[in-house]
Amino acid sequence: MQLSAEQLAEFDDQGYLFLPSLFSAEEIAVLNTAAADIYESDRQEVWRETSGVARTAFAAHTYNDAHACLGAHPRLINPVEQLLDGKLYMHQYKINAKAPFDGDVWQWHQDFGTWHRDDGMPEPRAMNIAVFLDDVTAANGPLLFIPKSHRLGVIDAGHDLETTSYPLWTLDREMVSKLADEGGCVAPTGPAGSMLMFSSLLVHASPANISPLPRTIVYLSLCHVDNHITLHNRPEWIAHRDFTPIEAMADDCLQAMAQARQADQATVAAE
Ligand code: SIN
Ligand code: MN
């Protein structure tokens, strides 16, 4: 899959691009089942809210076969190679739960701000892809973006160690208000299987999920191989140190997994 000239221009102008319904319901079901199993485990990579519900599962592409497929999926890797002009490695992979009732906020931040300050990533030649594992609506804690804020480079931020269980370099309210006066504030929403690509400099956040509906989103943070991190302050499973270029898998890798599982279930049912 390659992005069109219009899509590239839109990404450049707004700092993000939304591609609805990129993955089928069967493909998403495979990823969602895997996410539920991972959240139930007591792995160190599963970070929890202060209430105890899962907040995020890091590095699932390294220990789960369905998420290994998504981490090397051509529908994600090819457009980012196009945007960043070269081969990529996985800087971070997370499955963010935003659980019903208890899913907590993500404060206003730029991802590159944290990657640069904490991990020594030299340049913003890295970006995010979000894949919706649930329908994301106005009700269940969608991502909020300040369009065009990616044009300003790294913005002053403070290290917030208190608001949530996850430390983050966050922007103050005055700055966020000023940016929103210029770019507005949007919440891209859509069905499970949609994909949202956004610049590592785009200012974003998300509100708490007090709805009874889940809002699971997978994030791939992909970095150009020539721009790998230089500091190892955070655990390897939060900021990866394997800079091997990702080779995209076959486009039907998740579909094949879904079919194999259906065949297994049919065999068990027939026994
Ligand atoms: C993030 O900004 O990295 C995550 C935000 C969210 O999942 O709502
Ligand atoms: Mn972020």
Side-chain angles (χ1 to χ4, degrees), residues 1-19 22-23 27 31 45 57-95 110-131 150-151 153-154 194-202 204 217-257:
M1 192 183 90
Q2 290 282 297
L3 300 173
S4 67
E6 290 80 42
Q7 288 174 317
L8 292 171
E10 188 181 334
F11 182 87
D12 214 35
D13 183 54
Q14 297 290 310
Y16 71 96
L17 199 57
F18 185 56
L19 302 179
L22 197 69
F23 290 91
E27 290 172 318
L31 295 163
E45 293 92 342
F58 288 98
H61 67 304
T62 63
Y63 52 79
N64 178 274
D65 56 355
H67 285 275
C69 268
L70 191 70
H73 204 286
R75 276 172 247 164
L76 308 182
I77 300 302
N78 294 349
V80 180
E81 282 184 351
Q82 192 186 353
L83 273 165
L84 296 179
D85 195 21
K87 297 300 279 184
L88 312 168
Y89 81 93
M90 188 73 70
H91 171 59
Q92 189 174 78
Y93 186 103
K94 46 190 202 296
I95 315 173
Q110 293 174 301
D111 282 358
F112 181 69
T114 298
W115 302 341
H116 186 59
R117 293 172 180 108
D118 287 352
D119 307 326
M121 187 184 283
E123 303 287 335
R125 293 172 72 196
M127 56 175 283
N128 282 311
I129 281 193
V131 178
H150 65 304
R151 300 178 185 180
V154 179
S194 299
M195 185 255 249
L196 191 52
M197 314 174 69
F198 58 103
S199 160
S200 58
L201 288 169
L202 193 74
H204 62 284
I217 300 181
V218 181
Y219 294 87
L220 281 70
S221 301
L222 295 159
C223 182
H224 194 289
V225 284
D226 295 346
N227 188 50
H228 64 75
I229 62 170
T230 57
L231 298 174
H232 298 158
N233 291 328
R234 302 198 290 174
E236 201 284 331
W237 41 272
I238 295 185
H240 298 304
R241 296 169 203 166
D242 177 358
F243 310 133
T244 312
I246 297 169
E247 293 306 328
M249 293 173 74
D251 190 78
D252 69 350
C253 56
L254 282 169
Q255 196 60 42
M257 217 170 259

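A distance of 11.5 Å separates CZ in Arg125 from OG in Ser200, rounded to the nearest 0.5 Å. For the atom pair CD1 of Ile77 and CG of Leu88, the computed distance is 6.0 Å after rounding to the nearest 0.5 Å. For the atom pair CD1 of Ile95 and NE2 of His61, the computed distance is 10.5 Å after rounding to the nearest 0.5 Å. Taking CD of Glu236 as the start and CZ of Phe58 as the end, the distance is 12.5 Å to the nearest 0.5 Å. Remark: Phe198 CZ to Ile129 CD1 distance equals 10.0 Å, nearest 0.5 Å. Distance check, rounded to the nearest 0.5 Å: CZ of Phe18 to CD of Gln7 gives 12.5 Å.
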- Message: Determine whether Lys94 and Val218 satisfy the following criterion, side chain to side chain contact (heavy atoms under 4.5 Å, CB included), listing intermediate values before the conclusion.
- Response: CA-CA 6 Å; Lys94 46 190 202 296; Val218 181; over 6 Å; no
- Could you walk me through whether Asp118 and Leu231 pass side chain to side chain contact (heavy atoms under 4.5 Å, CB included), step by step? CA-CA 7 Å; Asp118 287 352; Leu231 298 174; over 6 Å; no
- Can you check side chain to side chain contact (heavy atoms under 4.5 Å, CB included) on Lys87 and Glu81, steps first, answer last? CA-CA 6 Å; Lys87 297 300 279 184; Glu81 282 184 351; 3.4 Å; yes
- Message: Working note: Tyr219 + Asp111, criterion side chain to side chain contact (heavy atoms under 4.5 Å, CB included); need CA distance, chi angles, decisive distance, verdict.
- Response: CA-CA 12 Å; Tyr219 294 87; Asp111 282 358; over 6 Å; no
- Task: Report the C-alpha distance between Arg151 and Asp13 in whole Å, list the side-chain angles of each, state the deciding distance to 0.1 Å, and finish with yes or no for salt bridge (charged side-chain N to carboxylate O under 4.0 Å, His left out).
- Result: CA-CA 9 Å; Arg151 300 178 185 180; Asp13 183 54; 2.5 Å; yes
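Residues Asn128 and Trp115 share a closest heavy-atom pair of OD1-CH2, 3.7 Å. Heavy-atom minimum distance, Leu254 versus Ala66: CD2-O, 3.7 Å. Nearest heavy-atom pair across Cys69 and Met257 is SG-CE, 3.6 Å. Of all the heavy atoms in Leu3 and Gln82, the pair that sits closest is N-OE1, 2.7 Å. Taking each heavy atom of Phe11 and Leu83 in turn, the nearest pair found is CD2-CD2, 3.7 Å. Contact record, Gly15 with Leu202: O-CD2, 3.8 Å, taken as the closest heavy-atom pair.
In this structure the side chain of Ile246 reaches within 4.5 angstrom of the side chain of Leu222, judged on heavy atoms. Within the 4.5 Å cutoff, no side-chain heavy atoms of Met127 are placed close to those of His150. Residues Asp242 and Tyr89 have side chains not in contact (no heavy-atom distance under 4.5 Å, counting atoms from C-beta outward).
Side-chain N or O atoms of His73 include one that pairs as donor or acceptor with a backbone N or O of Arg75 at under 3.5 Å. Side chain of Gln92 to backbone of Ile238: a donor-acceptor contact under 3.5 angstrom is found. Looking only at distances, no side-chain donor or acceptor of Glu45 sits under 3.5 Å from a matching main-chain atom of Trp237.
Using modelled atom types, one finds a donor on one side chain and an acceptor on the other under 3.5 Å when comparing Asp119 with His91. Side chains of His224 and Asp85: a donor-acceptor N/O pair is absent below 3.5 angstrom, by distance only. His67 and Tyr93 share a side-chain donor-acceptor pair at under 3.5 Å.
For His204 and Tyr16, the ring centers are positioned 6.0 Å apart or more.
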